[in-house]
Amino acid sequence: MSSAPDILLDIKWELAGKRAAFEAALPGRSVMTLPDARANGVSLDQVRYAVVWHPEDGFLASLPNLNVIFSLGAGVDHVVRDPHLPDLPLVRFVDPDLTGRMVEWVVLQVLMHLRRQRVYDRQQRQKHWHEISTPAAHELRVGIMGFGTLGRACAQALLALGFQVNGWARSAKSCEGVKTFAGEGASAAFLAETDILVSLLPLTAQTKGILNRTLFESLSRSGPFKAPVLINAGRGGSQVETDIDRALQDGTLFGASLDVFETEPLPENSPLWAHENCIITPHMAAVSNAQALANHVAVQIAKHEAGETMDHLVDPQQGY
Ligand code: NDP
Ligand code: OXD
């Protein structure tokens, strides 16, 4: 193992393979994981680049030579929440591999609800042969909240399947085939035209708890299912789970697909587990591929060291 790393991987999950991927992408660099450094009492004074996921509060500020912070994922809420975050460039992960995985997950969830797959799963268990009439894609309006890198890619895939697609972002957007809405002022109009809501919002002060009962009641009830579907792969902090539970019980929501939760892992006693029409996945909609992440970090380090502006820098004012 090399000493005095200049690239530190503060990795909390799926450790295997990540260090090797970074060593392959950054030949000649000294790369170490935080658990290894701690286990071997290695000094972190030379660390210039840290790749992190939920770093401990104050940890990044304790690295005296740090130049750049890389988020292991597309979201950065797990970094910007640190009250002692040093004033350094923060780069998030944007990559076709990650985007493709999110598109797969979102399309799968939209189709699961459209084609009533959960009901067919039950019928299969019961050996019950019964056809349910379902609408076609073009009869539904999918509203994507958070029309950024991931939202736009999902929109393209959904358009190709024939869905009507609307997008909502903070700033005005234009995207062929998509009706776009911008800012809080346009939120009511966006929601009123949404049969299936897909949230791909980052977690910020403005988006915390935004997926609540008031919002569910503002969604369209004139679509083929007469009640809306909620799909959230953004962040669990944006959803109010007691409101989702109640809305699923009383029919305010027709169904839901949730990949992210207020508390992760989702506690065993959460009532959400029990709803047939609530699809739960364990924050895996778009995992970061180790090699793609390592290649992205290598490209950005090369830019930084050449004095160029890095890509995918986080705006500290906006927090995403
Ligand atoms: P982007 O920054 O590219 O897009 C975020 C979008 O949200 C932008 O369109 C932005 O508007 C919009 N937005 C932010 N705040 C508001 C607001 N207050 N009101 C309206 N719109 C707002 O991020 P990505 O698309 O790359 O990723 C989105 C999120 O997806 C990540 O932050 C992360 O939380 C989540 N994620 C989840 C994964 C999973 O496996 N479950 C995997 C990867 C990401 P504007 O364009 O105007 O700035
Ligand atoms: C991410 C995530 O932000 O996996 O990339 O949640």
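It should be emphasised that the depicted structure is a prediction, and the values quoted were computed from it without experimental measurement. Counting convention: from 1, in listed order, for ligands and their atoms alike.
- Looking only at side-chain heavy atoms (C-beta outward), I244 and L272 come within less than 4.5 Å of each other.
- Heavy atoms of L203 found under 4.0 angstrom from ligand 1: none, in either backbone or side chain.
- Residue R170 touches ligand 1 through backbone and side chain together, judged by heavy-atom distances below 4.0 Å.
- Residue-ligand proximity, Q206 to ligand 1, at heavy-atom distances under 4.0 Å covers atoms 18 (N).
- Close contacts between ligand 1 and R235 involve ligand atoms 33 (C), 34 (O), 35 (C), 36 (N), 37 (C) [criterion: under 4.0 Å to a heavy atom].
- Counting heavy atoms under 4.0 Å from ligand 1, residue E184 does not touch it at all.
- With a 4.0 Å cut-off on non-hydrogen atoms, M145 does not touch ligand 1 at all.
- Centroid-to-centroid, the aromatic rings of F93 and H312 stay 6.0 Å apart or farther.
- Contacts between Y320 and ligand 1 below 4.0 angstrom, taking non-hydrogen atoms only, involve the side chain exclusively.
- A donor atom on one side chain and an acceptor atom on the other are not found under 3.5 Å apart for S30 and D6.
- The two residues N67 and N65 come nearest to each other via the heavy atoms ND2-O, 3.0 Å.
- Selection from A286, A172, G319 by nearest heavy atom to atom 40 (O) of ligand 1 gives A286.
- The side chain to side chain donor-acceptor pair (under 3.5 Å) analysis of residues 72-93, with sequence neighbours excluded, yields the pairs D57-R81, S71-H78, D77-R235, R92-T149.
- For D121 and R125, the salt-bridge test fails: no basic side-chain N is under 4.0 Å from an acidic carboxylate O.
- Among all non-hydrogen protein atoms, the one lying nearest atom 41 (N) of ligand 1 is D259 OD2, 2.8 Å.
- Here is the list of ligand 1 atoms found below 4.0 Å of a heavy atom in A233: 35 (C), 36 (N), 37 (C), 38 (C), 39 (C), 41 (N).
- Within the 4.0 Å heavy-atom cutoff, V260 counts among the residues contacting ligand 1.
- Of all the atoms in ligand 1, the ones that sit under 4.0 Å from a non-hydrogen atom of M102 are 37 (C), 38 (C), 39 (C), 41 (N), 42 (C).
- Per-residue contacts place F147 under 4.0 angstrom from the following atoms of ligand 1 (heavy atoms of the residue considered): 6 (C), 9 (O).
- What sits closest to atom 5 (C) of ligand 1 on the protein, heavy atoms only, is P202 CD, 3.8 Å.
- Distances below 4.0 Å separate heavy atoms of L200 from the following atoms of ligand 1: 28 (C), 29 (C).
- Near R235, meaning under 4.0 Å from any of its heavy atoms, are these atoms of ligand 2: 1 (C), 2 (C), 3 (O), 6 (O).
- Of the protein's non-hydrogen atoms, L150 CD1, 3.4 Å is the one closest to atom 27 (O) of ligand 1.
- Using modelled atom types and a 3.5 Å distance limit, the side chains of Q126 and Q124 yield no donor-acceptor pair.
- For residues 155-182, the pairs satisfying salt bridge (charged side-chain N to carboxylate O under 4.0 Å, His left out) are K179-E193, with sequence neighbours left out.
- The protein heavy-atom contact nearest to atom 12 (C) of ligand 1 is G146 CA, 3.8 Å.
- With ligand atoms numbered from 1 in the order given, ligand 2 contributes 4 (O) to contacts under 4.0 Å with heavy atoms of A286.
- Using a 4.0 Å cut-off between heavy atoms, R92 contacts ligand 1 through its side chain alone, with no backbone atom that close.
- Pairing each heavy atom of P202 with each of S238, the nearest pair is O-OG, 4.3 Å.
- Ligand 2 lies less than 4.0 angstrom from a heavy atom belonging to H283.
- Only the side chain of T207 comes within 4.0 Å of ligand 1, counting heavy atoms alone; its backbone N, CA, C and O stay farther away.
- Of the protein's non-hydrogen atoms, the one nearest atom 22 (C) of ligand 1 is L201 CD2, 3.6 Å.
- Near A74, meaning under 4.0 Å from any of its heavy atoms, are these atoms of ligand 2: 1 (C), 3 (O), 5 (O).
- Closest to atom 35 (C) of ligand 1 by heavy atom, among A169, G183, G75, G234, is G234.
- W168 CH2, 3.4 Å is the protein heavy atom nearest to atom 19 (N) of ligand 1.
- Side-chain contact annotation: H283 with E264, donor-acceptor N/O pair under 3.5 Å present.
- With hydrogens and angles disregarded, a donor-acceptor distance shorter than 3.5 Å links the side chain of R221 to the backbone of T252.
- Under 4.0 Å is where a charged nitrogen must lie from a carboxylate oxygen, and between R116 and E131 no such pair does.
- Here's the thing with G73: none of its N/O atoms is less than 3.5 angstrom from an N/O atom of ligand 2.
- Side chains of T281 and W105: a donor-acceptor N/O pair is present below 3.5 angstrom, by distance only.
- Atoms of ligand 1 lying under 4.0 Å from at least one heavy atom of K173, given by number and element, are 45 (P), 46 (O), 47 (O).
- In terms of protein heavy-atom proximity, atom 4 (O) of ligand 1 is closest to G148 CA, 3.2 Å.
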Do E305 and R29 pass the salt bridge (Lys or Arg N to Asp or Glu O under 4.0 Å) test, and can you show the C-alpha distance, the side-chain angles, and the key distance before you say yes or no? CA-CA 13 Å; E305 293 184 355; R29 300 280 183 154; 2.8 Å; yes
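- Using a 4.0 Å cut-off between a side-chain N of Lys or Arg and a carboxylate O of Asp or Glu, E56 and R38 qualify as a salt bridge.
- Side chain of E139 to main chain of P224: no donor-acceptor pair is present (N/O by atom type, distance under 3.5 Å, no hydrogens or angles).
- A salt bridge between D245 and R213 is absent, with no side-chain N of the basic residue lying under 4.0 Å from a carboxylate O of the acidic one.
- The shortest N or O to N or O distance between T149 and ligand 1 is under 3.5 Å.
- Here S71 has no heavy atoms under 4.0 Å from ligand 2, in either its backbone or its side chain.
- The aromatic rings of Y49 and H304 sit perpendicular to each other, their planes meeting at more than 60°, with 30° as the lower class boundary.
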